[in-house]
Enquirer: 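Here's a structure for you.
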2 protein chains.
Amino acid sequence: MPIGPSIAEIAALADDPARANMLAALMDGRALTASELAYTAGVTPQTASGHLAKLSQGGLLALAKQGRHRYYRLASPLVGRMLESIMAVVAIEAPPRHRPRSPREDALCFARTCYDHLAGRLGVAITEALVEGRHLVLGEDGGEVTEEGAALLRERVGIDIAAVAQGRRRAFCRPCLDWSERRPHIAGALGAALAERCFALGWIVRLRDTRAVAITTAGRPALRAAFGVDLR
Amino acid sequence: MPIGPSIAEIAALADDPARANMLAALMDGRALTASELAYTAGVTPQTASGHLAKLSQGGLLALAKQGRHRYYRLASPLVGRMLESIMAVVAIEAPPRHRPRSPREDALCFARTCYDHLAGRLGVAITEALVEGRHLVLGEDGGEVTEEGAALLRERVGIDIAAVAQGRRRAFCRPCLDWSERRPHIAGALGAALAERCFALGWIVRLRDTRAVAITTAGRPALRAAFGVDLR
DNA sequence: GCGGCGCTTCGGCGGGCGCCGAAACGTCCC
DNA sequence: GGGACGTTTCGGCGCCCGCCGAAGCGCCGC
């Protein structure tokens, strides 16, 4: 039972730019329609349809019919993890070519959700600020919050570290290599809690039809006060 | 900057059965020669050479020249993580087809190393025995050892949980979906420590030219005594 | 029921890539 | 230095697959 063919089968589903774009667009867990995905991927609807059929049949996508629309989403968090790990490999070897970026891309690079946590310059900045201030120790495969960090997160963000770590059924804290910044940001239960609090406190808001998020006018000073993060 | 093309580029490197076989063979971190990889992949040396060139140029493999041999290995642990996550996706949707297996494949399914920890029936059996006995609580993204578990590992295997958890620079314990068993086994620092102790205690030995490991005559009763694991 | 829309299926074109045989290059050993 | 061996390069064949235009199917709203 050579395992190669099975791996190749799955990898082949992501080896096409159009399909990869679709998968990337679905990485935040939302469900998108076939046309939205066609547009995102930059192909005609009929071509997209073929791709979506392959991805569904391959088990990467789940389909929900709703009226005349068809909503596709990632079939499992494991699929998202796979894409995340592919992006991590992309990030490490990324040739330092600087390509021109559109405003839309700029927004994504500035701040976005990666599943349930924050990525982009904002996500990385918060992460590095916490590490810099000895509030967080981050390794290549995990991380832990220091006592000072626990105090800071409780007092300034309203996160109860003990509650977040509760049971440890999911990883408490793990680094997620940011494809745009090529540096790690915080994922896992802690990453989710951080993002959740930032939304709840009104520091950041989601932008329409994208994974990008923006810092609110109230959020800017709040983020500076909490983490010392002040992005332009 | 659509990220799709970059993802596709990496995925394309694994979308060929021959290349996927090569990558899978390198998953334990060893370095193999071009001919060994050609044989593993089931292609002629000249074909393999082309594949290896692509994988190297793509940044997935690192090359070390040694005399007239060329040793290839995974360029980074991140590459291994990527393959692991692809295998996880393979495992979840795996059609329950039972293919005939060769003795060589049987040995791999029975017990093997997955990087620095144990996989296959042995790895899964140990994991499930620990969970069953309430020595370990395993979630879908992490896990933790109970007090009873810490005592068991210290007394019977000689693992100092506190030392293993030291610093948490790498994930203490995370589940790794086993492609042959389709159930999780223990990875992370704990998984590495378990494997290391089993080798050190002489309970298991590596088999030649493969990632497979075998249980020694001394190991069989020891594994039964320590974990209640008794594989045929 | 008729038109519009979202989505899929079909068919044919074109390009890219994996494959191997043959041959060249470099290293080791006698 | 000659011969064997490990590895790579080159060239040509063949196949697979992504692409789009055209057409078909199902759901919606007037």
Side-chain angles (χ1 to χ4, degrees), chain A residues 2-26 30-73 209, chain B residues 2-26 30-73 209:
Chain A
I3 201 195
S6 314
I7 295 180
E9 221 168 295
I10 299 298
L13 293 173
D15 84 346
D16 180 86
R19 284 198 293 265
N21 275 325
M22 293 174 169
L23 291 169
L26 294 168
R30 289 183 306 170
L32 299 178
T33 66
S35 343
E36 289 172 322
L37 289 167
Y39 175 77
T40 303
V43 293
T44 59
Q46 61 270 34
T47 300
S49 179
H51 287 312
L52 291 169
K54 280 191 180 172
L55 291 171
S56 299
Q57 196 149 14
L60 263 54
L61 260 41
L63 170 61
K65 301 184 187 182
Q66 206 166 108
R68 50 183 165 183
H69 294 282
R70 300 212 170 179
Y71 284 89
Y72 289 91
R73 60 177 175 77
D209 296 333
Chain B
I3 200 194
S6 314
I7 295 181
E9 218 167 298
I10 300 298
L13 293 173
D15 85 345
D16 179 87
R19 283 197 294 265
N21 275 325
M22 292 173 170
L23 290 170
L26 293 169
R30 289 182 305 170
L32 300 178
T33 66
S35 345
E36 288 172 323
L37 289 166
Y39 175 77
T40 303
V43 294
T44 59
Q46 62 270 35
T47 299
S49 178
H51 288 312
L52 291 169
K54 279 190 180 172
L55 291 171
S56 299
Q57 195 149 12
L60 264 52
L61 261 41
L63 169 61
K65 301 184 186 181
Q66 207 166 106
R68 52 183 165 180
H69 294 281
R70 299 212 171 180
Y71 284 89
Y72 290 91
R73 60 177 175 77
D209 296 334

Enquirer: D/dG18 C1' sits how many Å from A/Asn21 CG, rounded?
Expert: 14 Å

Enquirer: Would you say A/Tyr39 reaches C/dG6's phosphate, i.e. side-chain N/O to OP1/OP2 under 4.0 Å?
Expert: no

Enquirer: Name the closest nucleotide to the B/His69 side chain, picking from D/dG21, D/dG6, C/dA22.
Expert: D/dG6

Enquirer: Hey, does B/Leu13 have a side-chain heavy atom less than 4.5 Å from the side chain of B/Lys54?
Expert: yes

Enquirer: Can you check the A/Asp16 CG to C/dG15 P distance for me, whole Å?
Expert: 17 Å

Enquirer: Report the distance from atom CG of A/Asp15 to atom P of D/dC17, rounded to the nearest whole Å.
Expert: 10 Å

Enquirer: Given C/dC19, D/dT9, D/dG18, identify the nucleotide with an atom nearest to the side chain of B/Gln46.
Expert: D/dT9

Enquirer: Between atom CG in B/Leu63 and atom C1' in D/dG6, what is the gap in whole Å?
Expert: 13 Å

Enquirer: Tell me whether the side-chain N/O atoms of A/Arg70 come closer than 4.0 Å to OP1 or OP2 in C/dG6.
Expert: no

Enquirer: Using 0.5 Å steps for rounding, measure from the CG atom of B/Asn21 to the NE2 atom of B/His51.
Expert: 10.0 Å

Enquirer: Search all heavy atoms of B/Ala8 against all heavy atoms of A/Pro17 and return the closest pair with its distance.
Expert: CB-N, 3.6 Å

Enquirer: Where the side chain of A/Val43 is defined as all heavy atoms beyond and including C-beta, which of D/dC19, C/dG18, C/dC20 is the nearest nucleotide?
Expert: D/dC19

Enquirer: From NZ of A/Lys65 over to P of D/dC28, roughly how many Å is that when rounded to an integer?
Expert: 12 Å

Enquirer: Taking only side-chain N and O atoms of B/Thr47, does any of them lie within less than 4.0 angstrom of OP1 or OP2 on C/dC20?
Expert: yes

Enquirer: What contact category does A/Tyr71 fall into here, base, sugar-phosphate, or nothing, at under 4.0 angstrom with non-hydrogen atoms?
Expert: nothing

Enquirer: Does a side-chain N or O from A/Thr44 land closer than 4.0 Å to OP1 or OP2 of D/dC20, or not?
Expert: yes

Enquirer: Quick check on D/dC19: is either OP1 or OP2 less than 4.0 Å from any side-chain nitrogen or oxygen of A/His51?
Expert: yes

Enquirer: Tell me: CG of B/Leu55 to P of C/dC17, nearest whole Å?
Expert: 14 Å

Enquirer: When you measure from the side chain of B/Ser49, which nucleotide among D/dG18, D/dT8, C/dC19 comes out closest?
Expert: D/dT8

Enquirer: Applying side-chain contact (heavy atoms from CB on, under 4.5 Å) between A/Tyr72 and each of A/Leu23, A/Thr33, A/Leu61, report the one that passes.
Expert: A/Leu61

Enquirer: Specify the closest pair of heavy atoms between B/Leu26 and B/Arg73, including all atoms of both residues, with the distance to one decimal.
Expert: CD2-CA, 4.3 Å

Enquirer: Need one value for B/Lys54: base, sugar-phosphate or nothing, where a base atom within 4.0 Å counts as base even if backbone is also close, heavy atoms only.
Expert: sugar-phosphate

Enquirer: Given atom CG of B/Leu13 and atom C1' of C/dG16, what is their separation to the nearest angstrom?
Expert: 15 Å

Enquirer: Can you tell me how far C1' of C/dC5 sits from CD of A/Glu36, to the nearest Å?
Expert: 15 Å

Enquirer: Could you say whether A/Ala18 or B/Tyr72 is positioned toward the 5' end of DNA chain D, judged by the nucleotide with the nearest heavy atom to each?
Expert: B/Tyr72

